[in-house]
There are 2 protein chains.
Amino acid sequence: MSTSTSPSPPPPPPPETAPSPTRRELNKAATRQAISDSTLELLRSKGPGKFTVEDIAEAAGISRRTFFNYFSSTETAIASVTHGFLDTALQQFRLRPADEPILESARAALVELADPMSVAPMAELFSLTQASPLLARSELEAWDHCTEQIIAAARERAAHSPAGDMDELYLRALAGSVISCGKAAMEVWFSRCGTDLSPKSLAILRQLLIDSMGLLGSGFAAPHSSERS
Amino acid sequence: MSTSTSPSPPPPPPPETAPSPTRRELNKAATRQAISDSTLELLRSKGPGKFTVEDIAEAAGISRRTFFNYFSSTETAIASVTHGFLDTALQQFRLRPADEPILESARAALVELADPMSVAPMAELFSLTQASPLLARSELEAWDHCTEQIIAAARERAAHSPAGDMDELYLRALAGSVISCGKAAMEVWFSRCGTDLSPKSLAILRQLLIDSMGLLGSGFAAPHSSERS
DNA sequence: CACGCACTTACACTACGTGCATGTTTGCAC
DNA sequence: GTGCAAACATGCACGTAGTGTAAGTGCGTG
């Protein structure tokens with residue numbers, strides 16, 4: 001599509017995030033982004049399930065066949081947003097010191113998500129997902145994928161740690177619970193604040209994430225109802 | 001729930017599971033079962049994704065169109081197995097006394113699942129799901145559906161309880177965690193015992209379910225190494 | 001018996017996802 | 001620069017999914 005008539009792009013690659021700024025990969029990333037953007041735009045304008053792959057291809061200026069070279073379905077294209085969001089959390093998790101309790105690492109990683117840049121796409125996705133089982137399922141897949149990643153990260157951490165072996169049940173149950181609590185916090189936040197991204201709203205999200213990890217760490221002790229934040 | 005005071009329902013219903021034994025609904029249930037069976041059979045013989053709706057229809061002795069009158073996709077047909085399994089758990093959960101701690105109710109309900117009749121289809125599904133992302137996603141949906149059900153059940157219970165309002169975060173985080181832990185226990189069990197349904201294997205499953213609830217109740221206290229019994 | 005309703009079936013149609021053959025761009029060596 | 005090879009985009013064709021519609025068939029009711 002673009003980049004056909006550029007007279008002279010300087011040969012040495014400027015220091016970008018990509019370690020291989022070759023023209024091909026750059027172009028490919030651009031196309032991928034264009035598809036993702038067009039998909040999201042159609043999602044906004046027409047609503048979920050109300051547009052076809054051909055519509056996306058046309059909006060992105062590519063052929064239908066090319067779309068499938070990048071994503072295996074519209075769901076996949078949409079899920080890339082969620083994956084990006086959760087990968088951010090994963091990244092944060094991996095940065096935590098290995099001797100820190102997993103719950104604390106998770107808490108720290110999740111709190112990092114309460115950031116306009118990160119949550120903005122997710123909040124929008126949430127609002128669109130509400131009335132669409134089609135989207136809900138790809139969301140589920142994304143969360144599950146993240147769970148697996150956390151298990152892998154935690155297992156790797158355990159291997160480096162002196163205390164060594166964590167058993168499989170502990171690992172999977174904890175990872176799954178952490179994700180469930182993070183998800184619960186997101187859901188409650190969205191039901192209260194919608195797509196509001198103001199500092200106040202984000203503070204609420206942050207607190208919800210902290211609270212959910214607190215519940216998990218205390219074994220969901222007392223529902224009671226008196227403590228209000 | 002309790003309509004147990006009538007000793008003899010005289011004219012219409014013979015004491016079967018179906019309250020309406022009319023020929024039509026009976027026939028319909030049979031067809032539904034035939035489809036489900038044929039689907040599972042093809043799943044076994046040909047493997048996931050290796051057969052079409054037409055194959056199922058032919059095996060069940062119906063037309064392709066009729067299949068879609070019962071299930072909206074092959075996934076749905078397969079998921080009916082998982083739904084049946086999880087609905088059993090739900091049913092058990094609802095039977096627990098309202099003043100019992102939720103975690104204890106969940107533990108009791110889950111332990112009821114460690115029963116040959118209940119787990120047999122699930123174990124088979126698990127073995128087929130392993131190498132098939134197609135099945136994995138419908139599994140995820142089923143678990144999620146169950147989570148929503150638990151939330152609903154717990155909320156309803158809270159409404160009847162004197163201690164009244166449980167906040168949304170607590171509810172969702174707990175329900176999600178319970179399901180995640182139950183799922184983790186199932187996964188670990190399957191990875192250890194495969195489709196073995198012997199009493200010894202089921203005892204392991206039962207213990208895993210209890211342990212996972214224990215972890216949840218103790219806030220995932222000490223990973224350490226394993227406390228062995 | 002005849003009518004009405006639930007259900008099944010056949011047909012047609014849109015859209016998805018993939019294999020394949022072909023044209024175009026990019027990277028690399030000469 | 002020129003030529004080559006690999007990567008990528010595209011068009012075409014095919015099988016399959018899922019849905020609307022109208023006509024046929026079995027079941028319950030008056």
Side-chain angles (χ1 to χ4, degrees), chain A residues 1-13 18-35 38-39 42-43 46-79 132-135 137-138, chain B residues 11-13 18-35 38-39 42-43 46-79 132-135 137-138:
Chain A
M1 31 193 306
S2 61
T3 72
S4 49
T5 57
S6 21
S8 61
S20 12
T22 91
R23 188 58 168 275
R24 274 217 176 104
E25 315 201 5
L26 210 69
N27 202 337
K28 208 174 170 183
T31 303
R32 190 180 187 85
Q33 191 61 42
I35 295 178
S38 299
T39 304
L42 282 173
L43 207 53
K46 298 201 167 183
K50 302 283 189 178
F51 57 95
T52 73
V53 173
E54 198 161 5
D55 294 333
I56 301 174
E58 189 180 5
I62 57 171
S63 75
R64 195 179 78 96
R65 190 62 183 84
T66 300
F67 172 90
F68 287 109
N69 287 348
Y70 285 86
F71 300 99
S72 58
S73 67
T74 56
E75 283 187 23
T76 313
I78 297 169
S132 160
L134 274 163
L135 294 192
R137 68 169 38 182
S138 48
Chain B
S20 11
T22 91
R23 188 57 171 272
R24 275 222 175 97
E25 314 202 5
L26 211 68
N27 202 337
K28 204 172 172 183
T31 303
R32 190 180 187 84
Q33 192 60 41
I35 295 177
S38 299
T39 304
L42 282 172
L43 207 53
K46 297 200 168 184
K50 301 283 188 178
F51 57 95
T52 73
V53 173
E54 198 160 4
D55 294 334
I56 301 175
E58 188 180 6
I62 55 169
S63 76
R64 197 179 77 97
R65 191 62 182 83
T66 300
F67 172 89
F68 288 108
N69 286 349
Y70 285 86
F71 299 99
S72 58
S73 66
T74 57
E75 284 188 23
T76 313
I78 298 169
S132 161
L134 275 162
L135 294 191
R137 67 169 39 179
S138 49

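Order of the sequence lines sets the chain letters (A, B, ...), proteins ahead of strands, with each chain counted from 1.
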Below 4.0 angstrom from OP1 or OP2 of [N], is there any side-chain N or O of [X]?
| X | N | result |
| --- | --- | --- |
| B/K28 | C/dA6 | no |
| B/T66 | C/dT9 | yes |
| A/T22 | C/dG27 | yes |
| A/N69 | D/dC8 | no |

Review point. Going through the distances and angles, do A/E54 and A/F67 end up as a side chain to side chain contact (heavy atoms under 4.5 Å, CB included)?
Key: CA-CA 9 Å; A/E54 198 161 5; A/F67 172 90; over 6 Å; no
**Study point:** Residue met sooner reading DNA chain C from 5', once A/E54 and B/S63 are mapped to nucleotides
**Key:** B/S63
Check your understanding: Between B/R24 and B/R64, who's closer to the 5' end of DNA chain C by nearest nucleotide?
Key ->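 Nearest-nucleotide comparison on DNA chain C picks B/R24.
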Euclidean distance, atom [atom1] of residue [X] to atom [atom2] of [N] [Å, nearest integer]:
| X | N | atom1 | atom2 | value |
| --- | --- | --- | --- | --- |
| A/R65 | C/dC20 | CZ | C1' | 9 Å |
| A/E75 | C/dG17 | CD | C1' | 13 Å |
| A/I35 | D/dT10 | CD1 | C1' | 13 Å |
| A/F68 | D/dG11 | CZ | P | 15 Å |
| A/D55 | C/dT14 | CG | P | 14 Å |
| A/L26 | C/dT25 | CG | C1' | 15 Å |
| B/F67 | C/dC7 | CZ | C1' | 17 Å |
| B/I62 | D/dT25 | CD1 | P | 18 Å |

Check your understanding: For B/Y70, which contact category applies under a 4.0 Å heavy-atom criterion: base, sugar-phosphate, or nothing?
Key -> sugar-phosphate
Exercise for review: Under 4.0 Å between any heavy atoms, over every strand shown, what does B/T52 touch: base, sugar-phosphate, or nothing? Just pick one.
Suggested key: sugar-phosphate
Exercise for review: Taking atom CD of A/E75 as the centre, report whether more than 12 heavy atoms of other residues, nucleotides or ligands fall under 6.0 Å from it.
Suggested key: yes
Review point. Quick one: does B/D55's side chain have a donor or acceptor within less than 3.5 Å of a partner on B/T52's backbone?
Key: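 Side chain of B/D55 to backbone of B/T52: a pair is present.
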Practice item. Give the nucleotide from the list C/dT8, D/dA9, D/dC27 with an atom nearest to the side chain of A/T31. Key: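 Closest nucleotide among those given: D/dA9.
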Study note, to complete from the structure: Heavy-atom nearest pair, B/F51 first then B/I56, reads CE1-CD1, 3.6 Å
Check your understanding: For the residue pair A/F71 and A/A77, what are the closest heavy atoms and their distance?
Key ->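 A/F71 and A/A77 have their closest heavy atoms at CD2-CA, 3.5 Å.
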